[in-house]
Protein chains: 2
Amino acid sequence: MKTQKIPEATIVRLSMYSRFLNNLANNGVTIVSSEEIAKGLNGSPAQVRKDLAYFGEFGTRGVGYNVRDLNEQIKKILGLTHKWKAILVGAGHLGTALINHKAFKTRGFEIQAVFDNAPQKIGQTIGGVPVYDVAELVDYVKREKAQIGIIAIPPAHAQEAADLLVQGEIKAILNFAPCVITVPPQVEMRSVDFTVYLEVLTYNVETNRK
Amino acid sequence: MKTQKIPEATIVRLSMYSRFLNNLANNGVTIVSSEEIAKGLNGSPAQVRKDLAYFGEFGTRGVGYNVRDLNEQIKKILGLTHKWKAILVGAGHLGTALINHKAFKTRGFEIQAVFDNAPQKIGQTIGGVPVYDVAELVDYVKREKAQIGIIAIPPAHAQEAADLLVQGEIKAILNFAPCVITVPPQVEMRSVDFTVYLEVLTYNVETNRK
DNA sequence: GACTGTGAAGCCATTCACAGCT
DNA sequence: AGCTGTGAATGGCTTCACAGTC
């Protein structure tokens, strides 16, 4: 193992490997081969081995990988051995869906607060999470040292929300608004933009019926 | 322009260019350069030109691109000159968020029906869209010739939902469940998996504070 | 002079094929 | 014998740099 640039696609796959290993462990499987992991992910065995080899030697030649150990290693790599404090911007339908989504809790993410600018929403709770005025966002993030900000509002105000999060010294932003957002380099940012995938689908459907 | 393999990343960017061009047009801009498009997308001018050049010569040397014309061309490439019939599987929070999402209507996608297995939801409407029993899904998709199926249910049953959509001869599937789904090659499928991006963020936050 | 279109070069990720362990 | 770990080869996307056009 040496220091080298690791493809983002590798990190994405690590996250999926971990999920797959969880399932295996729940089914009582203790040993797994790169071949089997690959099958579970529609990937290739060489890819699996290469991805893991960036970070160490986790397997046993002639045998395979210990499911539980490998999962622990991957979680450590991804930074999932401790909890993460998240806050949500947007108390609309999407925000509500995210608060109620199982995936956050099961992976150690805790949405601590929601921020919105609609007076009738402020003071309420959604799925047990309090809704605050967006005017309090910067202070809250600073005070609570929230690390992850999730943007779930329409594109028109998404950049403003990002700016507030940055002002609060957030570490990372997950943006669900279908638009481009700019943040300073020290802030990690990824967009989940389903609209572009929808159009990738239509492109492929149109193109393949030649 | 010749027939060659076009990177998926190019299609993703085309979708974003189109959105950007919509904004420009709404602001009364008529001509745009690759440089300006690049700035709007945090990309490079060469990339913009290369992406567009896969499909034709849409610009004028020394001048730039006509905003409206280029947008029309891109929409044609993406198959957005006609409407798309979509159906949704899952009448939960996420499904509700998707039905109410502006992005579908503005890009020509119409969610015609929602399918769920909860008896108390069947017969209701959500955002004006009727909720049907999932038992009727296959027939409905065949009869209405729905082209796009959207999966918005927990991972445990996502593959079953995909199988039903495939049985109904759907053309494309957009999967929001955080799991791997397998479909036959003639069906286009993409997953919108925000959980992996969340973990890409944590990986980067952990790694960059060395 | 300005900006597009494009072959070539450079770079990065994936696949291959086999050496290395158990 | 079986499966991992890995340098080398391949393939593909992006960047470069300039020719082409207005």
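Every value quoted in this text rests on a predicted model; they were computed, and no experiment measured them.
- Residue whose closest nucleotide on DNA chain C sits further toward the 5' end, between B/G59 and A/I6: B/G59.
- Residue pairs meeting the ring pair (Phe, Tyr, Trp, His ring centres under 6.0 Å) criterion with at least one partner in residues 162-192 of chain B, sequence neighbours excluded, are A/F194-B/F176.
- For the pair A/L70 CG and D/dC3 C1', the computed distance is 14 Å after rounding to whole Å.
- The backbone N or O of A/S33 lies less than 3.5 Å from a partner atom in the side chain of A/E36, making a donor-acceptor pair.
- Atom pair B/F58:CZ and D/dC22:P shows a separation of 17 Å (rounding to whole Å applied).
- As rounded to whole Å, 14 Å separates atom P of C/dT6 from atom CZ of B/F55.
- Sorted by first then second residue, the salt bridge (Lys or Arg N to Asp or Glu O under 4.0 Å) pairs that include residues 10-23 of chain A, not counting sequence neighbours, are A/R13-A/D51, A/R19-B/D193.
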With sugar-phosphate taken as primed atoms, P, OP1 and OP2 and all else as base, the protein-contact string of nucleotides 16-22 of chain C at under 4.0 Å (heavy atoms; B, S, -) is BB--BBS
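- As rounded to whole Å, 16 Å separates atom C1' of C/dT15 from atom CG of A/L52.
- With sequence neighbours excluded, no residue satisfies side-chain contact (heavy atoms from CB on, under 4.5 Å) with A/E72.
- For DNA chain C, none of the residues of residues 8-15 of chain B falls under the heavy-atom distance limit of 4.0 Å.
- In terms of the ring-ring contact (aromatic ring centres under 6.0 Å, His included) criterion, residue partners of B/Y132 (sequence neighbours excluded) are, by chain and number, B/F115, B/Y140.
- Less than 4.0 Å separates DNA chain C from no heavy atom of any residue of residues 185-200 of chain B.
- Relative to the side chain of B/A53, the nucleotides D/dG5, C/dT6, C/dT4 differ in distance, and C/dT6 lies closest.
- Note on B/Y65: a side-chain N or O is less than 4.0 Å away from OP1 or OP2 of C/dG5.
- Contacts of B/N22 classified as side-chain hydrogen bond (donor to acceptor under 3.5 Å, both in side chains), with partners at least two apart in sequence or in another chain: B/N71.
- Under the side-chain contact (heavy atoms from CB on, under 4.5 Å) criterion, B/H93 pairs with A/T96, A/A97, A/N100, not counting sequence neighbours.
- The main-chain N or O of A/L78 is found under 3.5 Å from a side-chain atom of B/T202 such that the two form a donor-acceptor pair.
- Between the side chains of B/D163 and B/Q159, at least one donor-acceptor pair of N or O atoms lies under 3.5 Å.
- Separating the CD atom of A/Q47 from the C1' atom of C/dT15 is a distance of 9 Å, rounded to the nearest angstrom.
- Direction of the helix axis in the helix from C/dG1-D/dC22 to C/dT22-D/dA1 shifts by 0° between the two five-pair termini, rounded to 10°.
- Remark: C1' of D/dC16 and CG of B/D51 are 16 Å apart, rounded to the nearest angstrom.
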Report all side-chain donor-acceptor pairs from residues 183-192 of chain B shorter than 3.5 Å, counting only partners two or more places apart or in another chain.
from: B/E188; atom 1: OE2; to: A/N208; atom 2: ND2; distance (Å): 2.8
from: B/R190; atom 1: NE; to: B/E8; atom 2: OE1; distance (Å): 3.4
from: B/R190; atom 1: NE; to: B/E8; atom 2: OE2; distance (Å): 2.8
from: B/R190; atom 1: NH2; to: B/E8; atom 2: OE1; distance (Å): 2.7
from: B/S191; atom 1: OG; to: B/N175; atom 2: ND2; distance (Å): 3.0

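- The side chain of B/S33 has C/dC3 as its nearest neighbour among D/dC13, C/dA13, C/dC3.
- The NZ atom of B/K5 sits 11 Å away from the P atom of D/dT14 (whole-angstrom rounding).
- Every residue two or more places apart in sequence or in another chain that forms a side-chain contact (heavy atoms from CB on, under 4.5 Å) with B/Q167 is listed here: B/V138, B/L164.
- Taken from CD1 in A/I148 to CG in A/L88, the straight-line distance is 12.0 Å, to the nearest 0.5 Å.
- Judged by distance alone, the side chain of A/E110 and the main-chain N or O of A/K85 form no donor-acceptor pair under 3.5 Å.
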